[in-house]
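Just below is one structure, and these are the notes that go with it.
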Amino acid sequence: MFLDLKSAKTKNDFWQLANENGPWNCEKAREAEECPNQLILISKRHDRETYGLAKWLQEHHYDVLAYETFRSMYTYLEKACREHKPIVAMLIYATSDSDDLLHSDQKLSRLATKWPHLRQIALADRTPIVRDRLGHLVRQGMIHDFHSLPVDRSRLLHSLGHIQGLVALEGGTSPSESVRSAKGFGGLIGASRPMQKIYNTITRISQVSTPVLVTGESGTGKELIAQTIHRASAFRKGPFMAINCAAIPAALIETELFGHEAGAFTGASNRKIGKVELADNGTLFLDEIGDMPVELQTRFLRFLQTSSFERVGGVKNIKIKTRIIAATNVNLHEAIKQKQFREDLYYRLNVLSVLAPPLRNRCEDIRLLADSCLEKFKKTYNKPRLIFTTASYELMNKYTWPGNVRELISAVRRAVILAQNRFIQPEDLGIEETLEDVRGTGTPLTEAREAFDRRFIHTSLARNSFNISKAADELQISRVSLYRLTKKLNIPIRHGGKAVSPRENRDA
């Protein structure tokens with residue numbers, strides 16, 4: 001029921017028009033080359049203040065739709081959302097009436113479940129009971145904000161502007177819609193600049209059959225990147241065979257890769273086809289390639305060079321055509337220095353490379369990922385009405401996620417299982433840090449520098465078995481300077497197999 005305030009001269013006209021006029025027709029606004037934003041007003045108050053507020057909102061480019069009952073408002077919302085009309089927020093006059101919308105968790109849950117992007121602002125008297133109730137609703141994420149009567153109009157306008165900004169960022173869609181329309185590539189989800197760079201890289205490298213090396217921290221989705229490359233390549237009709245080099249004992253990984261003939265060794269009663277052969281005309285993905293035994297690296301390098309191999313215990317040379325994608329969270333340059341990885345194999349694999357960014361470097365993707373996981377787990381655990389509260393989103397956005405996407409997925413799964421009602425609270429996520437922790441003031445520059453120096457020097461000492469001379473040479477500083485830094489930064493150094501202070505080590 002659209003309230004055309006231009007023809008409402010009195011407050012009686014206000015409510016007569018509210019009850020008589022049909023739904024707002026956006027076509028009229030389009031004719032005027034403007035489609036104003038709508039506000040829904042729910043109130044049983046027929047007073048001058050309500051009329052004055054509605055007219056003032058009209059003057060500030062908001063069209064007000066007035067309703068007295070939840071049912072009539074709900075019916076219009078269903079129609080308006082089908083027609084994609086720009087509803088900004090819902091203003092609700094709070095009363096002590098038990099039938100009031102704000103006293104019904106069930107009605108508020110229906111709104112939040114069906115239209116989670118629609119924010120509610122309560123307008124309430126300064127009575128303790130009502131204010132306690134509204135405070136509870138804000139903490140539960142069931143309403144966005146509340147204002148005391150008489151309304152501070154400038155503050156209300158500021159709140160509405162903030163809501164409009166949120167709606168614009170979210171695209172005016174519900175979480176399920178935002179997941180379906182999120183920018184992504186194949187199974188990858190993310191609209192951030194690092195992810196756009198990955199999408200562009202995948203598009204280019206998928207057109208050739210050259211080996212690809214995917215690097216990045218644990219839990220960043222390296223296998224998902226490999227699967228996306230496979231689906232976009234000329235090998236997409238073939239199989240995608242994955243093998244985790246770190247999960248298979250060194251004695252078995254050769255037969256897992258290349259297979260074996262019957263009788264090749266004790267217990268080999270039947271022929272086994274290896275992952276390399278199974279990946280013919282498809283893609284072979286080697287996860288944690290940095291953990292492949294050094295003795296096997298030589299044979300795998302020969303396979304890369306010739307595209308042929310022999311099964312263990314076999315004599316027949318088998319030639320195949322497959323795309324090789326390898327992934328690691330190990331620093332292969334360091335592994336080469338430590339003689340744990342062949343340099344020639346590294347250069348053979350690292351013709352093309354993709355760096356999977358840590359989640360902390362693409363914070364704008366966190367909500368998309370969380371919503372995607374929520375939609376999946378709601379179906380898995382038959383909880384279709386669950387939604388995140390605003391506080392939960394804030395915690396997820398500000399948390400550093402050391403376990404990256406894998407940790408986020410685990411947190412959302414836990415929250416879906418443990419949520420006690422329809423709203424996922426920050427504590428349901430099982431994150432060790434609280435919202436108050438992540439809202440901290442940040443780290444001063446001097447502290448950040450000291451923390452970096454402490455980690456960097458300690459890593460050098462550990463790499464050189466806490467030999468001061470070798471570590472000083474590596475850091476290109478004198479022994480005296482290194483001692484001074486370990487004392488300043490309180491870095492424990494070892495002497496006689498135990499950690500001691502820099503002073504104690506020098507005295508020894």
Side-chain angles (χ1 to χ4, degrees), residues 187-195 197-198 213-226 244-247 287-291 327-335 353-374 376-377 388-389 391-418 424-445 447-463 489-492:
L188 297 170
I189 293 175
S192 62
R193 182 173 295 180
M195 292 305 293
K197 184 177 179 181
I198 285 179
L213 180 63
V214 184
T215 59
E217 297 178 9
S218 179
T220 50
K222 296 185 288 294
E223 182 169 352
L224 194 55
I225 291 174
N244 190 316
C245 300
D287 199 8
E288 305 300 347
I289 187 72
D291 292 308
T328 183
N329 61 2
V330 173
N331 185 334
L332 292 182
H333 287 290
E334 192 59 40
S353 62
V354 180
L355 174 62
L359 190 53
R360 62 182 175 276
N361 289 354
R362 54 184 189 111
C363 295
E364 55 267 53
D365 294 334
I366 290 175
R367 181 161 184 161
L368 288 174
L369 289 163
D371 287 340
S372 175
C373 295
L374 180 60
K376 174 184 176 182
F377 295 137
F388 290 112
T389 62
S392 294
Y393 279 126
E394 183 181 357
L395 177 60
M396 288 189 289
N397 283 330
K398 292 184 177 179
Y399 182 56
T400 55
W401 297 109
N404 294 298
V405 179
R406 183 181 293 125
E407 184 183 3
L408 175 63
I409 293 172
S410 177
V412 175
R413 183 194 293 270
R414 179 186 188 279
V416 170
I417 294 172
L418 297 182
I424 295 177
Q425 304 296 338
E427 54 269 22
D428 295 328
L429 294 166
I431 296 174
E432 291 184 1
E433 295 183 6
T434 65
L435 198 52
E436 288 70 25
D437 293 332
V438 299
R439 281 174 175 168
T441 57
T443 305
L445 181 59
E447 290 185 19
R449 286 174 175 169
E450 287 186 1
F452 173 80
D453 289 347
R454 188 178 295 108
R455 289 194 302 270
F456 192 78
I457 293 173
H458 185 271
T459 300
S460 178
L461 285 166
R463 187 164 46 241
L489 300 172
N490 194 28
I491 302 172

Counterpart residues, side-chain contact (heavy atoms from CB on, under 4.5 Å), relative to [X] (two or more places apart):
{"X": "Ala327", "result": "Val214, Lys222, Phe285, Asp287"}
{"X": "Glu427", "result": "Gln425"}
{"X": "Ala246", "result": "Asn244, Glu288, Asp291"}
{"X": "Leu224", "result": "Leu188, Gln227"}

Closest heavy-atom contact between [X] and [Y]?
{"X": "Ile198", "Y": "Pro357", "result": "CD1-CD, 3.3 Å"}
{"X": "Leu429", "Y": "Ala411", "result": "O-CB, 3.5 Å"}
{"X": "Ile225", "Y": "Ala356", "result": "CD1-CB, 3.7 Å"}
{"X": "Ile189", "Y": "Ser372", "result": "CD1-OG, 3.1 Å"}

Taking only residues two or more places apart in sequence, or in another chain, which ones meet [X] in a salt bridge (charged side-chain N to carboxylate O under 4.0 Å, His left out)?
{"X": "Arg362", "answer": "Asp365"}
{"X": "Glu217", "answer": "Arg360"}
{"X": "Lys398", "answer": "Glu394"}
{"X": "Arg463", "answer": "Glu474"}

Could you tell me the separation between the [atom1] atom of [X] and the [atom2] atom of [Y], rounded to the nearest 0.5 Å?
{"X": "Arg455", "Y": "Leu489", "atom1": "CZ", "atom2": "CG", "result": "11.5 Å"}
{"X": "Ile457", "Y": "Phe452", "atom1": "CD1", "atom2": "CZ", "result": "9.5 Å"}
{"X": "Met195", "Y": "Leu369", "atom1": "CE", "atom2": "CG", "result": "8.0 Å"}
{"X": "Cys245", "Y": "Ile289", "atom1": "SG", "atom2": "CD1", "result": "4.5 Å"}

Practice task
Show your reasoning for whether side chain to side chain contact (heavy atoms under 4.5 Å, CB included) applies to Ile409 and Cys373.
Solution key: CA-CA 6 Å; Ile409 293 172; Cys373 295; 3.6 Å; yes
Handout entry: For Ser392, all residues meeting side-chain hydrogen bond (donor to acceptor under 3.5 Å, both in side chains), sequence neighbours excluded
Key = Thr389
Practice task
Check the pair Leu332 / Leu213 against side chain to side chain contact (heavy atoms under 4.5 Å, CB included), numbers first and verdict last.
Solution key: CA-CA 11 Å; Leu332 292 182; Leu213 180 63; 4.0 Å; yes
Practice task
Would you indicate whether the side-chain heavy atoms of Thr220 and Leu359 approach each other to under 4.5 Å?
Solution key: no
Practice task
Answer yes or no: is there a side-chain heavy-atom contact under 4.5 Å between Val412 and Phe388?
Solution key: yes
Handout entry: Listed once per pair and sorted, the salt bridge (charged side-chain N to carboxylate O under 4.0 Å, His left out) pairs that draw on residues 400-414, sequence neighbours left out
Key =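 Pairs touching residues 400-414 that pass the test: none.
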Practice task
For Trp401 and Met396, indicate whether the former's side chain and the latter's backbone hold a donor-acceptor pair under 3.5 Å.
Solution key: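 Yes, because the side chain of Trp401 sits within donor-acceptor range (under 3.5 Å) of the backbone of Met396.
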Handout entry: side chain to side chain contact (heavy atoms under 4.5 Å, CB included) partner of Tyr393, the single match among Ile366, Ile424, Asp371
Key =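 When Ile366, Ile424, Asp371 are each tested with Tyr393, the side chain to side chain contact (heavy atoms under 4.5 Å, CB included) holds only for Asp371.
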